[in-house]
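Heads up: the structure comes next, in structure tokens.
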2 protein chains.
Amino acid sequence: MTFALIAAQTPENVYSIRVEVQGVGRKRLQEPADGRPTVHTVAARAGVSIASASRVLNGVGGSPETVRKVRAAAAEVGYVPNAIARSLQSQRTGLVALAVEDIGNPVYVEMMRAIEAVVAGSGRQLLVHATGGRIDNETALLRRLAHRYVDGMIISPIRVTADHLAAVTDSPVPVVVVGQLAEDAPVDNVRTDSRTGIALAVDHLVATGRRRIGFVNGPLDTVPGAARDAGFRAALARHGITLDENLVEIGDFQYAAGRAATERLLARAAPDALVCANDLIAVGALHTLLAHGRRVPTDVALVGMDDTELARMMFPQLSSVSLGSAERGRRAAELLLQRIDDPSLPPRRAQVAPNLVVRASSEVPT
Amino acid sequence: MTFALIAAQTPENVYSIRVEVQGVGRKRLQEPADGRPTVHTVAARAGVSIASASRVLNGVGGSPETVRKVRAAAAEVGYVPNAIARSLQSQRTGLVALAVEDIGNPVYVEMMRAIEAVVAGSGRQLLVHATGGRIDNETALLRRLAHRYVDGMIISPIRVTADHLAAVTDSPVPVVVVGQLAEDAPVDNVRTDSRTGIALAVDHLVATGRRRIGFVNGPLDTVPGAARDAGFRAALARHGITLDENLVEIGDFQYAAGRAATERLLARAAPDALVCANDLIAVGALHTLLAHGRRVPTDVALVGMDDTELARMMFPQLSSVSLGSAERGRRAAELLLQRIDDPSLPPRRAQVAPNLVVRASSEVPT
DNA sequence: TTGTAAGCGTTATCAT
DNA sequence: ATGATAACGCTTACAA
């Protein structure tokens with residue numbers, strides 16, 4: 001009920017003189033439509049203002065009597081605060097997100113655990129989203145989560161498009177990218193060098209007397225796939241070994257593809273060693289090798305990549321090139337938290353070096 | 001700047017007559033503290049009201065000219081909507097969460113994929129949180145996420161405390177529990193019957209001539225651990241086999257524990273078959289068996305549980321009791337979406353039957 | 001200590 | 001079609 005007596009208005013400013021009669025009845029509903037109690041409900045029940053109720057609920061101030069009344073009222077009505085409303089006010093949610101292709105790949109599990117540890121240390125909670133490699137899904141996630149549902153985000157895309165990059169740079173909340181990015185991308189970035197990683201594997205195999213070294217890779221149109229291919233070819237060349245293209249196979253980065261690709265490879269060539277672009281592929285390769293009666297490592301040495309727990313689960317245990325996934329996760333989380341605290345930081349870059357872990361699958365036959 | 005002429009106040013209602021002078025300067029800042037544009041920024045720049053700006057931004061109404069101006073203004077300032085503010089208004093976020101113990105366990109990955117498929121079909125996005133089995137973490141998550149950051153939540157706890165149950169029933173957003181719950185718990189619940197599942201494994205092993213059947217279980221103070229223990233003992237008894245306690249070992253539900261527990265078991269007994277409480281344990285058991293030179297299945301038959309992709313990755317491939325994790329995930333997601341649409345539904349319960357998948361690890365030796 | 005009221009950034013209502 | 005304004009549920013100056 002409002003009576004406006006005078007109202008003068010200009011485009012820029014608003015001057016008005018009003019006489020109003022407020023509050024015929026309560027100023028606002030105390031029970032919202034869905035029936036859940038709000039601070040208003042609690043305040044009314046306790047016979048105090050919403051300010052007092054809020055203060056008590058947050059443990060700041062309030063006389064003993066007020067505290068008692070508010071606590072009692074809150075308990076009676078089963079009050080639970082609305083985090084969304086709180087966030088709108090505080091401009092933070094205490095949530096951090098991690099987006100990965102495929103949470104079924106143990107390498108992301110390790111990365112996630114490392115991130116989780118850092119994030120939890122800051123009192124925040126980590127949420128994970130599996131994009132399934134669907135790129136639209138990934139940008140959709142950015143366009144939704146990053147629009148304030150979380151305080152920051154870590155993404156590990158295997159394909160990077162211009163759209164992607166735009167979504168990252170436009171993001172209202174800090175985003176850290178784990179993976180290779182253009183040199184000048186103005187984005188916090190944690191990377192490794194899988195090219196060199198593959199070289200470590202090849203060097204090791206050559207040093208232990210292997211010459212017919214095969215390679216099972218993922219798609220070449222992915223960032224890691226391309227890097228690993230280049231690394232493999234360069235390493236062989238460095239050792240003066242001419243690559244037999246029959247020894248190279250491509251699938252995706254999954255177990256089933258590794259198994260199938262190794263089938264194809266064995267059908268037309270006889271490798272004495274196999275380098276696999278990740279551990280899932282390596283496990284698939286191991287399965288095929290054993291199914292074909294090849295002894296590992298006696299007949300064929302096997303080296304995977306990512307050094308996940310899967311490599312240690314197999315029998316024989318798999319040698320694998322560690323790309324420091326836990327370390328990269330940790331660094332990414334640190335970069336993210338720093339940027340959340342100070343958004344004005346310049347874009348930073350962290351690099352984690354690969355290293356080879358030799359296990360039974362490529363041990364020198366004695 | 002406000003001049004109150006008269007103000008009469010009663011505890012219940014507020015009547016007041018005021019004369020106020022509003023708007024010396026703009027009524028509100030157009031650029032918030034963090035410098036990001038809001039609808040106000042866009043509206044001001046386009047020379048329209050925030051209402052018009054909002055309408056155009058949401059694609060409802062607006063003259064061609066207004067649409068043009070608002071779109072241009074939004075693009076110029078790089079406007080991105082604040083999802084939190086939108087959610088406060090709409091009372092929904094379009095987000096659904098899944099909380100599991102350990103996302104490193106492939107059984108949860110399968111469940112997650114099934115849930116994701118259903119959730120995506122409703123236009124929502126799925127977020128996963130790994131609680132690491134820390135029960136405080138789990139309730140903390142409920143107490144945060146469920147307080148409106150998500151439209152609903154699916155949790156799969158392995159231990160269920162009264163606290164837990166209270167957190168679930170107090171939750172302002174719908175929660176579906178995957179796992180065994182008290183019969184009368186007023187909570188949507190999807191369950192399986194791992195007791196019967198274990199029986200399927202034992203029946204199969206007995207039918208294929210095994211008599212010294214060992215069992216590697218998880219902790220007995222977990223819901224699944226207790227059920228599987230009971231199932232194992234009951235099944236043996238049904239076949240008239242007296243259980244040798246030397247053939248029973250307990251670890252946790254992880255690979256390393258399965259490996260270690262099997263070491264201990266082999267040190268004091270000679271099983272001709274091993275039932276494992278999940279696939280991670282079974283993979284650990286396989287490793288130990290092979291390392292000890294036992295042939296699988298010739299010397300020792302092996303049956304896991306959960307029927308995850310891990311079982312298919314091994315060589316030999318592992319027999320495993322499927323507890324329908326994907327199916328349970330799908331059902332849970334459906335229950336959740338239904339309840340989000342209609343919170344007044346009575347608590348419902350879905351049950352998924354276990355079934356045995358026989359593979360090489362327990363095939364009858366021929 | 002307590003209450004009033006002004007936000008936080010949207011969307012929805014209701015006059016105009 | 002448009003604009004003013006009131007929510008959404010909370011926190012927090014500021015005043016009393």
Side-chain angles (χ1 to χ4, degrees), chain A residues 2 4 7 9 11 14 16 18 20 22-23 27-34 36-43 46-67 69-70 79-93 147-148 172, chain B residues 1-2 4 7 9 11 14 16 18 20 22-23 27-34 36-44 46-67 69-70 79-93 147-148 172:
Chain A
T2 301
Q9 201 172 322
V14 179
S16 68
R18 309 193 283 153
E20 46 175 274
Q22 289 189 337
K27 269 188 75 180
R28 73 139 75 201
L29 258 37
Q30 278 162 16
E31 298 272 350
D34 73 352
R36 305 228 35 119
T38 73
V39 267
H40 291 90
T41 324
V42 174
V48 301
S49 70
I50 61 163
S52 291
S54 173
R55 279 187 291 254
V56 170
L57 263 9
N58 287 298
V60 295
S63 69
E65 175 61 4
T66 305
V67 169
K69 286 189 298 188
V70 172
Y79 171 75
V80 290
N82 181 321
I84 289 283
R86 188 198 301 255
S87 291
L88 181 57
Q89 171 72 29
S90 64
Q91 299 285 38
R92 59 187 302 286
T93 63
H147 290 7
R148 303 296 199 194
Chain B
M1 204 185 290
T2 301
Q9 202 170 321
V14 180
S16 68
R18 311 190 285 151
E20 44 175 275
Q22 289 189 339
K27 269 188 76 179
R28 76 140 73 200
L29 260 36
Q30 278 162 16
E31 299 271 349
D34 73 350
R36 301 220 48 108
T38 73
V39 265
H40 291 89
T41 324
V42 174
V48 301
S49 69
I50 60 163
S52 291
S54 175
R55 279 186 291 254
V56 170
L57 263 10
N58 287 297
V60 294
S63 70
E65 175 61 4
T66 305
V67 169
K69 285 189 298 185
V70 171
Y79 171 76
V80 290
N82 181 321
I84 289 284
R86 186 199 304 254
S87 291
L88 180 57
Q89 169 72 29
S90 65
Q91 300 286 37
R92 60 189 302 284
T93 64
H147 291 4
R148 304 293 199 194

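Each chain gets a letter, A, B and so on, in the order the sequences are listed, and its residues count up from 1.
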Rounded to the Å, how far apart are A:H147 NE2 and C:dT10 P? 11 Å
Qualifying salt bridge (Lys or Arg N to Asp or Glu O under 4.0 Å) pairs with a residue from residues 52-63 of chain A, counting only residues at least two apart or across chains: none
Closest non-hydrogen atom pair, B:V48 against B:A53: CG2-N, 4.1 Å
Would you say that A:Q89 contacts B:L88 through its side chain, given a criterion of any heavy-atom pair below 4.5 Å between the two side chains? no
Do A:N82 and B:Q91 pass the side chain to side chain contact (heavy atoms under 4.5 Å, CB included) test, and can you show the C-alpha distance, the side-chain angles, and the key distance before you say yes or no? CA-CA 10 Å; A:N82 181 321; B:Q91 300 286 37; 4.2 Å; yes
Ignoring hydrogens, what is the shortest heavy-atom contact between B:H147 and A:P81? Give both atom names and the distance. CB-O, 3.5 Å
Axis bend over the full length of the helix from C:dT1-D:dA16 to C:dT16-D:dA1, computed from five pairs that close each end, to 10 degrees: 50°
Side-chain atoms of B:L88 come closest, of D:dC8, C:dT1, D:dC10, to D:dC8
Nearest-0.5 Å distance that lies between atom CG in A:N58 and atom CZ in A:R86: 5.5 Å
From D:dC10, C:dT10, D:dT2, nucleotide with atom closest to A:N82 side chain: D:dC10
Of all the heavy-atom pairs spanning B:V39 and B:Y79, show the shortest one and how long it is. N-CE1, 3.6 Å
Just by distance, do the side chain of B:T41 and the backbone of B:T38 share a donor-acceptor pair under 3.5 Å? yes
Trace of the side chain to side chain contact (heavy atoms under 4.5 Å, CB included) decision for A:R148 with B:R36: CA-CA 12 Å; A:R148 303 296 199 194; B:R36 301 220 48 108; 3.4 Å; yes
Is there a side-chain contact between A:Q91 and the phosphate of C:dG9, meaning an N or O under 4.0 Å from OP1 or OP2? yes
Whether each nucleotide of nucleotides 11-16 of chain D has a protein heavy atom under 4.0 Å at its base (B), only at its sugar-phosphate (S) or at neither (-) is summarised, 5' to 3', as BBB---
Against the side chain of A:T38, the closest entry in D:dC10, D:dT2, C:dT1 is D:dC10
Just N and O in the side chain of A:S63: are any of them under 4.0 Å from OP1 or OP2 of C:dT1? no
If you assign each of B:I84 and A:V67 to its closest nucleotide in DNA chain C, which residue comes earlier from the 5' end? A:V67
Rounded to whole angstrom units, what separation is found between the NE2 atom of A:H40 and the P atom of C:dA5? 12 Å
